[in-house]
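Just below is one structure, and these are the notes that go with it.
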There are 2 protein chains.
Amino acid sequence: MAANSRFAIAVHTLGVLAFVGDKPVSSGLIAKSVGTNPVVIRRIMRKLVKHGLVEVRMGTGGGSRLTKPPSEISLAAIYESLEEEDVFEVPALGEDHCCPIGRSVRPVLEEVLAAAQNEMRAYLGKISLENVMDSVNAAIVVGKSR
Amino acid sequence: MAANSRFAIAVHTLGVLAFVGDKPVSSGLIAKSVGTNPVVIRRIMRKLVKHGLVEVRMGTGGGSRLTKPPSEISLAAIYESLEEEDVFEVPALGEDHCCPIGRSVRPVLEEVLAAAQNEMRAYLGKISLENVMDSVNAAIVVGKSR
DNA sequence: TGAAAGTGTAATCGAACCAGTTACATACTA
DNA sequence: TAGTATGTAACTGGTTCGATTACACTTTCA
C-alpha cells in the first residue's frame with residue numbers, strides 16, 4: 001500500500017452513503033463531499049461493490065447504496081476491499097545471493113512485518129462504520145465541524 | 001510511508017552489523033548483502049546515526065557499528081528512526097467546504113487511523129533486533145536459508 | 001421514443017516519489 | 001601522502017496515483 005488516501009476516501013464515501021440512508025447517491029455528489037473527481041469515486045466503488053459492501057444502480061436516479069447497516073461494516077472490511085499492497089515490502093534477493101544473512105533475513109522479516117500489519121487490521125476490525133459516523137454526527141451537532 | 005522497502009533494508013542493515021559484532025562494516029559490504037547500492041545504505045544510515053542506533057567512522061578501516069546491544073534495539077525504534085510518513089493520509093478539504101460530513105469526517109478519521117498505526121508500532125516495540133537475528137541464525141544453522 | 005441522468009472504463013497527463021547511479025568533496029589511517 | 005571510507009548533491013528512469021477527458025452503455029421518465 002502506498003502512502004495512501006484511498007482508504008480515507010473509501011471510509012468517507014461509505015460514510016456519506018450511511019448518512020443519506022436508503023436513497024441512492026451519485027458518484028458526482030460523493031465526489032463533491034470528498035473533494036475529488038467522480039471517476040476516482042467510481043474506481044473505489046467498483047471494489048466495494050465487488051466485495052459486497054455496496055450496490056449500484058445505473059441510470060437516472062441511480063447511484064450507490066449500502067447493502068447492510070453501518071453497524072455491520074467494519075473498517076477492516078473496507079480496508080480489505082481495497083486490496084492494497086502490503087505496507088512493507090521486503091526486496092527479493094535472488095537465490096544465488098552470496099551473503100547467508102541476506103538469504104535468511106527475508107523470510108524472517110516477512111513474517112514479522114505481516115504480523116505487525118495484522119495487529120493493525122485487528123484494530124480496524126473492532127471499529128464499525130457506525131462508530132465512525134457516531135463521532136462524525138457528534139462533531140456536527142456540537143458544531144466542531146472545523 | 002510509501003509502499004516501502006526502506007524499513008526492511010534498515011532492519012537487514014542493522015542485522016548485518018549485529019552479526020559482525022564490534023568491527024566497523026563499510027556501506028559497500030552491507031549494500032552487497034542487501035542487494036542494493038552503497039549510497040542507498042548511507043542514506044538510511046544517516047537517519048540511524050541521527051537517532052543514536054549506529055555510529056559511523058570515516059576513513060580507512062571505517063564503517064558503521066551498533067551503539068548498543070541488539071537486545072536493546074526494538075523494531076519500533078528502527079521504524080521511528082526512518083521518520084516515514086503515515087501509512088494513511090487523509091486528504092485536506094479546505095475550510096469553506098460545502099458538505100458538513102466532509103468537514104467532520106477528517107478529524108475523526110485521522111484519530112482512528114493514527115490509533116491503528118499505533119497498534120502496529122506497539123507490536124514492533126515488542127520485538128528486538130536480537131529476536132530477529134535469533135530467527136535468522138536458526139534458519140542458517142538448519143540450512144533453511146532458501 | 002427520446003432526452004436526461006447515471007455508471008463503466010479506457011486513455012492520457014502531470015506531479016511526486018524512489019532506488020540506482022555517478023561524481024566529487026571530505027575525513028581518517030597507516 | 002596514498003588509499004579507503006563516508007557525506008552529499010545531482011541526475012535518471014521507472015512507477016504510482018489522482019485528476020481529467022471522452023465515450024459507450026443503462027435506466028428512468030416525460
Side-chain angles (χ1 to χ4, degrees), chain A residues 1-10 12-13 16-17 20 23-50 53-65 67 82-94, chain B residues 1-10 12-13 16-17 20 23-50 53-65 67 82-94:
Chain A
M1 180 178 58
N4 206 317
S5 59
R6 278 190 298 270
F7 182 56
I9 294 178
H12 190 152
T13 294
V16 172
L17 298 189
V20 170
K23 210 179 59 176
V25 184
S26 76
S27 63
L29 197 64
I30 297 172
K32 246 180 209 147
S33 171
V34 175
T36 183
N37 193 285
V39 175
V40 174
I41 299 297
R42 292 205 285 260
R43 277 202 276 247
I44 290 176
M45 203 68 88
R46 198 191 309 175
K47 297 187 176 172
L48 298 176
V49 169
K50 181 176 164 193
L53 265 50
V54 150
E55 58 185 9
V56 172
R57 244 181 38 211
M58 295 181 83
T60 304
S64 314
R65 212 163 38 164
T67 57
L82 298 181
E83 301 168 342
E84 300 287 355
E85 281 175 23
D86 287 338
V87 174
F88 304 109
E89 179 193 339
V90 185
L93 276 180
Chain B
M1 181 179 58
N4 204 320
S5 59
R6 278 191 298 270
F7 183 57
I9 294 178
H12 189 153
T13 295
V16 172
L17 298 188
V20 170
K23 207 179 60 175
V25 185
S26 77
S27 62
L29 196 65
I30 297 171
K32 244 177 211 149
S33 171
V34 176
T36 181
N37 192 284
V39 175
V40 174
I41 298 297
R42 292 205 284 263
R43 278 203 275 247
I44 290 176
M45 203 67 87
R46 199 191 309 176
K47 297 188 176 173
L48 299 177
V49 169
K50 181 178 163 191
L53 266 50
V54 151
E55 59 186 9
V56 171
R57 247 178 37 208
M58 294 180 83
T60 304
S64 314
R65 211 163 39 165
T67 57
L82 298 182
E83 301 167 343
E84 301 287 356
E85 280 174 24
D86 287 339
V87 174
F88 304 109
E89 179 193 338
V90 185
L93 277 178

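Basis for what follows: all heavy atoms, side chains included, without hydrogens, waters or symmetry-related copies. To find a chain, count down the sequence lines: A is the first, B the second, and so on, and within it residues start at 1.
Between the P atom of D/dA5 and the NZ atom of B/Lys32 lies a distance of 11 Å, rounded to the nearest Å. Note: CD1 (B/Ile44) to P (D/dT8) measures 15 Å, nearest angstrom. Rounded to an integer number of Å, the gap from B/Leu29 CG to D/dT6 C1' is 15 Å. A straight line from CG of B/Leu82 to P of C/dA19 spans 11 Å, rounded to a whole angstrom. Rounded to whole angstrom, the span from the CD atom of B/Glu55 across to the P atom of D/dG7 amounts to 12 Å. Distance CD (B/Glu89) to C1' (C/dC17): 13 Å, rounded to an integer number of Å. B/Ile41 places its CD1 atom 12 Å from the P atom of C/dT21, with the value rounded to the nearest Å. Rounding to whole angstrom units, NZ of residue B/Lys50 and C1' of D/dT8 are separated by 15 Å.
The side-chain contact (heavy atoms from CB on, under 4.5 Å) search around B/Val56 returns B/Met45, B/Val49, B/Val54, B/Ser64, not counting sequence neighbours. By the side-chain contact (heavy atoms from CB on, under 4.5 Å) test, B/Arg43 pairs with B/Val39, B/Val40, B/Arg46, sequence neighbours left out. B/Val90 is linked by a side-chain contact (heavy atoms from CB on, under 4.5 Å) to A/Ala8, B/Arg106, B/Leu109, B/Glu110, B/Leu113, counting only residues two or more places apart in sequence or in another chain. Residues passing the side chain to side chain donor-acceptor pair (under 3.5 Å) test with A/Thr13, sequence neighbours excluded: none.
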Scoring nucleotides 6-14 of chain C by protein non-hydrogen atoms under 4.0 Å (B base, S sugar-phosphate only, - none) yields BBBB-B---
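Between A/Asn37 and D/dT20, a side-chain N or O to OP1/OP2 separation shorter than 4.0 Å is present.
A distance of 10.5 Å separates CD1 in A/Ile30 from CD1 in A/Ile44, rounded to the nearest 0.5 Å.
B/Pro91 approaches A/Ser5 most closely through the heavy-atom pair CG-CB, 3.8 Å.
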